[in-house]
Amino acid sequence: MITRMLDGVPRRALVLLGLLLAGLLIAPLVVDAYILSILILVLYFAYTGQAWNVMMGFAGQLSLGHSLYVGIAAYTAAALYVHFGIGPWAGVLPAIAISMAAGLVIGFLAFRFGISGVYFALLTIAFAEFTRVGFDHFTWVNGSGGFFLPVTQQAANDPLNLRGSPTMFYYILLGITALAFLLCRWLLTGRIGYYWLAIREEPEAAQTLGINVFRYKMIAVAISSGMTALSGVFFAFYYNNLFPEQIFSMARSIELILGPIIGGVGSLFGPILGAFVLTALAEAVTEIMHALGYEIPGIKQVFYGICLLVVIIYLPHGIWPPLRKRLGLEDRS
């Protein structure tokens, strides 16, 4: 199965992917706790960027409210764990189902009534904001006061209940991110990937050719929201606290999509590269400011804006496409 997913990938690309994976596998053995926390952030944004890329990069549907799916899934899995003792791996199923249902409702309303482009993006923002306001007053999960998961001190890691050290969370997230990469590779190079490409480039022409545009847009939304939901479950059990104004915020949605935009929308490796570059540089800027004795509120957001401006002006297709050419990698990854 994995061999078929990687069929057609240039040998040099496989070597580079293998080296990257090897480096990520041994990283927790050689880095300190701070660097490990940054690597967890990198993998988190790489995964969520890959999930968003399915909807925007593959099918051309711009969503600016992806924090909706992160938040719904996080609250669902956390509430099932706290109130009913249902473990996270069992809770992830209803979390994904509810997130996908929310995505399908948005998609149905938009695509059935011809809402697209910037208006579709505004619709996704509206749903995320409505949900944030709703959870602010949802007393079952403590509303705006925050919902907290119990933290227990354990001598050993407990992957079944997502309780353990940051190293355990790192390897779980690394595995999830690798599987997402393979899944997206399979989707992009299959029939559905070519249908999405046709819809992204010219939906009217795709419809004329017999492609069911509505159906395949809905499939893209369902897959993207379902994948994003998994990151919400991870978020809940890694941080152990949830606040509506944080997890459903517009700023959260923007963070999720910056990786693929910087790295290269529509490519497989773009979200991963973008997450590495953006997160590492943002943390470096923050540390430099601290070392110089400056505490500037919002410095990270300013840095994100500068990076986005530079990429839009000089690399409108992201970092990965020109880098791929320099490396001699002609595959669509």
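The shown structure was predicted, so the numbers you read here are calculated from the model rather than taken from an experiment.
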Is Ile247 reachable from Tyr81 through a run of hydrophobic residues whose side-chain heavy atoms are each under 4.5 Å from the next? yes
Could you tell me if the side chain of Tyr119 sits less than 4.5 Å from the side chain of Leu123, heavy atoms only? no
Just say parallel, tilted or perpendicular for the rings of Trp140 and Phe138, cut-offs at 30° and 60°. tilted
Non-hydrogen atoms of Leu41 and Glu283 that approach each other most closely: CD1-OE2, 4.2 Å
What distance separates Ile272 CD1 from Thr177 OG1, expressed to the nearest 0.5 Å? 7.5 Å
Can you tell if the side chain of Arg163 reaches within under 4.5 Å of the side chain of Phe237, non-hydrogen atoms only? yes
Phe243 vs Phe135, ring pair (Phe, Tyr, Trp, His ring centres under 6.0 Å): CA-CA, chis, key distance, verdict: CA-CA 9 Å; Phe243 292 88; Phe135 272 86; over 10 Å; no
May I ask you to decide if the ring planes of Phe111 and Phe120 are parallel, tilted or perpendicular, using 30° and 60° as cut-offs? parallel
Contact between Tyr47 and Leu43 at the side-chain level, heavy atoms closer than 4.5 Å - yes or no? no
Taking the side chain as every heavy atom from C-beta outward, state whether Ser253 and Leu64 have any pair of such atoms under 4.5 Å apart. no
Is the Phe169 ring parallel, tilted or perpendicular to the Tyr238 ring (thresholds 30°, 60°)? perpendicular
Please assess Tyr304 against Leu258 for the test side-chain contact (heavy atoms from CB on, under 4.5 Å), listing each intermediate value before the final yes or no. CA-CA 8 Å; Tyr304 287 157; Leu258 280 175; 3.6 Å; yes
Below 4.5 Å, heavy atoms only, C-beta onward: do Trp196 and Leu187 meet side chain to side chain? yes
Would you say the side chain of Asn161 lies within less than 4.5 Å of the side chain of Pro88, judging by non-hydrogen atoms? yes
Gap separating the OG1 atom of Thr139 from the CG atom of Asn142, nearest 0.5 angstrom: 8.5 Å
Contact check, side chains of Thr228 and Trp52, non-hydrogen atoms, under 4.5 Å: no
If you group Ile, Leu, Val, Met, Phe, Trp and Tyr by side-chain heavy-atom gaps below 4.5 Å, do Ile223 and Val105 land in one group? yes
For His66 and Ser224, does a side-chain donor sit closer than 3.5 Å to a side-chain acceptor? yes
Residue pair Trp320 / Leu268, side-chain heavy-atom distance below 4.5 Å: no
